[in-house]
S.K.: 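Below are the structure tokens for one structure; questions will follow.
Computed from heavy atoms alone, side chains included, the values below leave out hydrogens, waters and symmetry copies. In this chain, numbering begins with 1 at the start of the sequence shown. As the structure is a computational prediction, the values presented were derived from the model and not from experiment.
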Amino acid sequence: SDLNPQAPMVVPGTPTGVTLDVISATELRVLFGPPSDNGGDTITQYLVEWSTNINFSNAESDTLDYLAGGAPFFKTISGLLTGIHYFVRVCAKNSQGFGISQVTTPRSLNPHQKPAPPTNVKLGVTSDTMLTVSWNTPSSNGGDVITNYRVEWDTNPGFSSGSMPPNKGYADVEASMQASYTVELLSMSIPYYVRVFATNNAGFGIPQTATPNSVTLAKQIPGTPHTLVANTGNIPRTIEVVWQRPRVPHHGIPCSGFSSNVMDCPTPYGGNVPSSDGGDLIVEYEVEHNESPDFGGSDGKRKLVTGLNCVLENLTEGRTYYIRVLARNKIGSGRYCEKSGTDICDGNLVSAIAS
């Protein structure tokens, strides 16, 4: 009889420490160690499988045969589609066959690279202490979700000045929260340069410099009033008009948020109203009414008010009048709002019938 009985050989256990990471826009790499149990025989090969399905239907595979270099072993999976999630698993083989597969950690990854630069990067002077920059999404996200945008500003076009904050700096903003940003506490008479980067899990992409490439700050005219409403008046021959203070500065770029969800502009240092007034307090609103939608008719008039509503009087009974309103500060007059629309004056022409 055999004095040294041997345990029966079986297939090996699962590979250990099986991890997955992104190498490039078309490559993933799987890293792993040998099973804790080789099944009683030398492991001669590993099988790496990948699929876009969690159940590994239509899986592709490759083997790792050179094992002399020792653990950890790795296999680069090439020729993948950018941005598509792949599931990966590994099993070991000995003379008895392949063992059970071990899925990777994380379970799947998407090959990706850094995103392209943001598009349509615009720069506007908001007030004598603020500038606002906006951007659109890049032409390519690199195959991964864009998580943040970085807004960088400097007094030097190479972004290499020795300036101290707030004249030089950067801000990271959440891509899901805003597509514009306002830099505060800046100085007059210094040119500022701004650029924007998009970020995904691969890192920062190439920046896009804003247009214009620099601005110098000064007080500005106010933005455009919004939420303009006109209704037939309670008194004969009148129309009642209400509106809201400008929320977007004169350059048309929201201080933050999106054009569909505009946030108020920051309040200047020592001030108490948002800087959509151009940095100079609004002193009056001019309300104009006219029988013609192009405001060229003979039956029309302008009225100056300091509040956010007024009653237009002595109108022609039963006539439809078109209404528009602008804000004015010491710098000058902002653009008229003649349309409905919350935050931005972009709806239908506003009109009402005189009582």
Side-chain angles (χ1 to χ4, degrees), residues 118 120-136 148-157 159 161-175 177-197 207-226 244-283 285 326-335 337 343-345:
N120 199 29
V121 180
K122 291 182 180 174
L123 182 57
V125 176
T126 299
S127 74
D128 52 341
T129 62
M130 298 182 200
L131 60 80
T132 300
V133 59
S134 67
W135 56 88
N136 291 349
N148 290 81
Y149 291 95
R150 172 167 287 185
V151 176
E152 185 181 7
W153 62 93
D154 201 336
T155 56
N156 176 290
F159 294 85
S161 80
S163 297
M164 298 295 289
N167 288 323
K168 174 186 175 74
Y170 68 85
D172 291 329
V173 301
E174 282 187 59
M177 300 295 288
Q178 48 202 65
S180 58
Y181 181 79
T182 296
V183 185
E184 303 175 59
L185 301 173
L186 301 178
S187 302
M188 296 171 71
S189 76
I190 304 175
Y192 289 97
Y193 300 83
V194 179
R195 61 185 181 180
V196 184
F197 306 73
Q208 178 61 55
T209 304
T211 301
N213 73 336
S214 74
V215 292
T216 303
L217 304 191
K219 290 187 175 185
Q220 303 291 312
I221 59 173
T224 306
H226 63 95
Q244 295 294 321
R245 182 184 188 277
R247 180 165 257 181
V248 176
H250 72 98
H251 46 58
I253 305 170
C255 280
S256 63
F258 297 96
S259 55
S260 58
N261 182 26
V262 176
M263 305 293 185
D264 272 334
C265 289
T267 300
Y269 181 75
N272 58 8
V273 292
S275 291
S276 44
D277 59 8
D280 200 75
L281 291 176
I282 293 169
V283 293
Y285 293 91
L326 62 77
R328 184 175 289 127
N329 62 14
K330 290 201 295 287
I331 307 303
S333 303
R335 283 195 301 276
C337 175
D343 300 333
I344 294 173
C345 182

S.K.: Side chains of S333 and R328: is there a donor and an acceptor less than 3.5 Å apart?
M.R.: yes
S.K.: So, do V133 and V121 sit near enough that their side-chain heavy atoms are less than 4.5 Å apart?
M.R.: yes
S.K.: In sequence, state the C-alpha distance, the side-chain angles, and the governing distance for N148 and E174, and then conclude on side chain to side chain contact (heavy atoms under 4.5 Å, CB included).
M.R.: CA-CA 5 Å; N148 290 81; E174 282 187 59; 4.3 Å; yes
S.K.: How about N167 and T155: does a side-chain donor come under 3.5 Å of a side-chain acceptor?
M.R.: no
S.K.: Above 12 or not: heavy atoms from other molecules or residues under 6.0 Å from OH of Y170?
M.R.: no
S.K.: Which pair of non-hydrogen atoms, one from V125 and one from Q220, has the smallest distance, and what is that distance?
M.R.: CG1-NE2, 3.3 Å
S.K.: Indicate yes or no: at least one non-hydrogen side-chain atom of L186 is less than 4.5 angstrom from one of Y192.
M.R.: yes
S.K.: May I ask you to test the Y193-N156 pair for a side-chain heavy-atom distance under 4.5 Å?
M.R.: no
S.K.: Is any side-chain heavy atom of Q208 closer than 4.5 Å to a side-chain heavy atom of W135?
M.R.: no
S.K.: Mind checking what makes salt bridge (charged side-chain N to carboxylate O under 4.0 Å, His left out) contact with D280, not counting sequence neighbours?
M.R.: K219, K330
S.K.: Under the rule for side chain to side chain donor-acceptor pair (under 3.5 Å), what residues qualify as partners of T224, not counting sequence neighbours?
M.R.: none
S.K.: Any heavy-atom pair between the side chains of P268 and M130 that's under 4.5 Å?
M.R.: yes
S.K.: Are R245 and D277 side-chain neighbours, meaning at least one heavy-atom pair lies under 4.5 Å?
M.R.: yes
S.K.: With a 4.5 Å cut-off on side-chain heavy atoms, are Y181 and V196 touching?
M.R.: no
S.K.: Is there a donor-acceptor contact under 3.5 Å linking the side chains of S275 and T126?
M.R.: no
S.K.: Which residues pass the side chain to side chain donor-acceptor pair (under 3.5 Å) test with H226, not counting sequence neighbours?
M.R.: none
S.K.: Tell me, do I344 and S259 make a side-chain contact under 4.5 Å, heavy atoms counted?
M.R.: yes
S.K.: With side chain to side chain contact (heavy atoms under 4.5 Å, CB included) as the criterion, how do D264 and S276 come out once you've worked through the C-alpha distance, each side chain's angles and the decisive distance to 0.1 Å?
M.R.: CA-CA 8 Å; D264 272 334; S276 44; 5.8 Å; no
